[in-house]
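Here is the structure we will look at, set down as structure tokens.
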Amino acid sequence: IGSRCASRVLAGMPPTQGNSRRNRRGHPPVTKLCVFLASFCAVIAVLSPSLCPLALADTIGSSPEKPSVPTWDVKHDVVCVAPTGPVEDLRCDVDDVEEANTQQLHGILDELANTTYFRLVKINLDAKCKFWDRKEGPTCNTSTGDYAPNKPKTQCALDMSGSSKSDKKVSFSAPPPGMMGGSLFSGFPGGGGGFPFPTTDEANKQLTKKEEESLMGSASDKVCNDTSLPEFWLDMCRNIHTNASDYLNLNLNPERWTGYNGSHVWNAIYEENCFEHLGELDDMCYEERVLYRILSGLHASTNIHISQEYYPPSKKEGRAQWAPNPERFMQQYAQHPERLKNLHFAFVVLLRSVRRASPYLYNFPFEGEDPKEEKRTAQLVQRLLDSHIMTSCSQVFNAFDETLMFVEGDEPSVQATLKSQFKGVFQNISEVMDCISCQKCKLHGKLQLLGLGTALKILLLPEQLIASSLSRHEIVALFNTLHKFSGAIKSIPELSNMFFAKQESYKKAPILDDMPSPPNSPSPSATPAGG
């Protein structure tokens with residue numbers, strides 16, 4: 001039949017296996033639609049097998065050709081995009097996570113992200129790429145033929161309003177002069193442009209090793225290189241620098257489509273950063289699965305935010321605001337619900353870290369210029385931390401068990417190797433982020449990686465070291481990453497329903513080979529891997 005969903009319906013089974021609690025609540029609207037359409041597909045498949053292709057092409061990281069878009073006659077291949085059932089390596093299922101997020105957590109996180117303390121961030125975006133010359137990778141000037149983005153350079157620019165530098169948007173899409181590439185990653189497609197020589201010398205921002213250690217407090221090389229010491233995890237985020245001269249307002253620089261193709265960066269993250277002598281996901285050790293699923297969750301969150309705000313405002317097209325692209329979302333995840341489950345996994349890991357740090361965070365001084373704003377921020381954080389006792393949220397805050405990582409039962413040499421590789425891979429990925437040539441993309445990539453690194457540090461350090469190990473920037477990144485993942489999870493049914501609503505409108509129209517796109521709009525493949 002070409003559809004596992006359809007074949008399960010023919011056999012009289014539901015398209016996905018949920019737990020008994022889910023079955024008692026009944027199927028949500030998207031799942032009901034999934035069952036109905038899977039049945040529809042089964043009948044069509046029997047009558048005309050040619051209408052049932054085996055799979056929907058995965059366009060992530062693919063070439064910038066016009067992708068095939070699912071239409072009504074092949075809709076059975078995408079009806080089960082909504083993930084359901086248990087989340088591997090967690091003590092909860094998808095429904096638990098989505099219920100907690102929808103009923104309680106997202107509202108609190110949304111308010112927190114809009115407070116002054118959490119919307120202002122410092123991330124150093126000037127670090128040089130160590131792995132390849134950024135001129136070799138795609139920039140925001142990259143064209144994709146008939147689907148070239150509309151003025152992508154303006155979408156890559158950071159809005160510096162309110163900073164001490166400028167009140168205008170500044171574009172950094174071209175690499176700075178003198179950028180030299182390394183040899184770790186090579187062979188990526190050409191592209192890029194030049195950059196005029198500065199009229200004055202650039203400020204020297206180099207720090208000696210001792211100066212870096214002093215800024216990191218107790219995280220010296222000696223303790224951070226010894227896997228037998230609890231302080232080993234203190235420098236988890238050492239390659240994500242926050243020594244920028246200006247704060248950036250995240251409300252003025254939202255995560256959305258920019259026209260940047262980040263597939264070469266994601267390829268480097270997935271293909272070049274892996275533990276040695278390990279194979280497929282089922283063969284990975286627990287620690288590697290955790291890291292892989294966290295990174296996959298980050299990738300999914302990035303893609304979902306881009307799909308949610310994809311088409312820029314256009315008077316010509318009659319768009320007053322940014323508009324979503326549900327077709328792009330379906331192209332990437334219709335055949336890969338496990339990638340959406342990895343987003344749920346990463347979200348739960350973040351929640352667990354916040355829960356573990358709650359004794360420190362509960363009375364943290366969120367200092368600012370407005371005492372009322374300080375009090376409101378503290379109350380929102382306390383509401384979030386207290387939500388673990390609520391019935392809808394209690395399970396997800398403790399669904400991840402960090403004590404299973406690097407267990408003492410392993411051989412000492414094996415445990416030491418795993419620890420070194422785990423931290424080394426994460427730090428290497430942190431430096432790969434410096435090779436993103438779109439500044440707005442780099443901002444959100446490094447911010448979320450800092451949030452994930454902070455969460456891992458909280459989970460792996462002894463409790464007595466948590467309070468002294470966290471900086472303001474790490475706390476801001478942790479909560480913003482939690483907010484981004486929460487928003488992405490909330491967007492999954494929204495984008496799915498938009499797609500199905502569009503498909504319903506095409507039922508009465510002739511079958512089309514491709515889904516129509518707004519004229520002069522960016523192609524769904526312009527950002528196949530996010531950016």
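All values below were derived from every heavy atom in this structure, side-chain atoms included, with hydrogens, water molecules and symmetry-related copies excluded. Since we're looking at a predicted model, the values are computed, not measured.
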Minimum heavy-atom distance between [X] and [Y], given as atom pair plus value:
X	Y	result
Trp233	Leu460	CD1-O, 3.5 Å
Pro337	Pro83	O-CB, 3.9 Å
Phe347	Ser486	CE1-CB, 3.7 Å
Val407	Gln415	O-NE2, 2.7 Å
Leu361	Val381	O-CG1, 4.0 Å
Pro312	Trp257	CG-CZ3, 3.6 Å

Spell out, as yes or no, whether a donor-acceptor pair under 3.5 Å connects the side chain of [X] to the backbone of [Y].
X	Y	result
His388	Leu385	yes
Gln427	Arg238	no
Asn239	Ser430	no
Asn114	Asp110	yes
Asn267	Ser263	yes
Asn480	Val476	yes
Arg328	Ile306	no
Ser301	Gly297	no
Lys423	Phe232	yes
Ser420	Ala416	yes

Side chain to side chain contact (heavy atoms under 4.5 Å, CB included) assessment of Ile294 paired with Leu456: CA-CA 10 Å; Ile294 286 175; Leu456 291 171; 3.8 Å; yes

Could you measure the distance from the [atom1] atom of [X] to the [atom2] atom of [Y]? Nearest 0.5 Å is fine.
X	Y	atom1	atom2	result
Leu482	Leu350	CG	CG	5.5 Å
Ser394	Asp96	OG	CG	9.0 Å
Leu450	Leu478	CG	CG	9.0 Å
Glu494	Ile489	CD	CD1	12.5 Å
Asp386	Ser358	CG	OG	9.0 Å
Gln332	Asn303	CD	CG	4.0 Å

Row check, Tyr247 ring normal vs Arg119 NZ/CZ: under 6.0 Å, within 45°: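 Here Arg119 fails the 6.0 Å and 45° test against Tyr247.
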
Min side-chain heavy-atom separation [X]-[Y] under 4.5 Å:
X	Y	answer
Asp370	Thr116	no
Phe366	Glu373	no
Leu298	Trp266	yes
Leu384	Phe479	yes
Leu470	Ile458	yes
Arg356	Ile466	yes
Ile269	Met433	yes
Phe422	Met236	yes

Parallel, tilted or perpendicular: ring planes of His264 versus Tyr260, cut at 30 and 60 degrees: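 Aromatic pair His264/Tyr260 classed perpendicular.
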
Atom NZ of Lys490: over 12 foreign heavy atoms under 6.0 Å: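 Atom NZ in Lys490 is not crowded, with 12 or fewer foreign heavy atoms closer than 6.0 Å.
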
Salt bridge (charged side-chain N to carboxylate O under 4.0 Å, His left out) assessment of Asp89 paired with Arg293: CA-CA 10 Å; Asp89 294 321; Arg293 288 195 166 111; 2.3 Å; yes

Do NZ/NE/NH1/NH2 and the carboxylate oxygens of [X] and [Y] come within less than 4.0 Å?
X	Y	value
Asp401	Arg91	yes
Glu88	Arg289	no
Asp434	Lys442	no

Audit row: His299, Leu343, side chain to side chain contact (heavy atoms under 4.5 Å, CB included) steps and yes/no: CA-CA 8 Å; His299 196 172; Leu343 171 61; over 6 Å; no

Where at least one partner belongs to residues 447-467, residue pairs that pass side-chain hydrogen bond (donor to acceptor under 3.5 Å, both in side chains), sequence neighbours excluded: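 Those involving residues 447-467 are Glu255-Gln448, Lys457-Glu474.
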
Verdict with supporting geometry, Ser491 and Gln308, side-chain hydrogen bond (donor to acceptor under 3.5 Å, both in side chains): CA-CA 7 Å; Ser491 293; Gln308 191 70 280; 2.7 Å; yes

Trace of the side chain to side chain contact (heavy atoms under 4.5 Å, CB included) decision for Leu465 with Glu231: CA-CA 8 Å; Leu465 292 179; Glu231 294 89 353; 4.0 Å; yes

Salt bridge (charged side-chain N to carboxylate O under 4.0 Å, His left out) assessment of Glu111 paired with Arg376: CA-CA 10 Å; Glu111 288 190 66; Arg376 176 172 169 268; 3.7 Å; yes

Worked verdict on Lys446 versus His241 for side-chain hydrogen bond (donor to acceptor under 3.5 Å, both in side chains): CA-CA 9 Å; Lys446 297 187 77 167; His241 302 292; over 6 Å; no

Those residues that, when tested against Glu98, pass side chain to side chain donor-acceptor pair (under 3.5 Å) (two or more places apart):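 So Glu98 forms a side chain to side chain donor-acceptor pair (under 3.5 Å) with His344.
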
CA sep, side-chain torsions, deciding dist, call: Phe364, Tyr362, ring pair (Phe, Tyr, Trp, His ring centres under 6.0 Å): CA-CA 6 Å; Phe364 186 82; Tyr362 202 87; over 10 Å; no

Intermediate values then yes/no, side chain to side chain contact (heavy atoms under 4.5 Å, CB included), Leu250 and Leu447: CA-CA 10 Å; Leu250 291 176; Leu447 175 71; 3.7 Å; yes

Check against ring pair (Phe, Tyr, Trp, His ring centres under 6.0 Å), His483 and Phe118: CA-CA 10 Å; His483 174 246; Phe118 284 106; over 10 Å; no

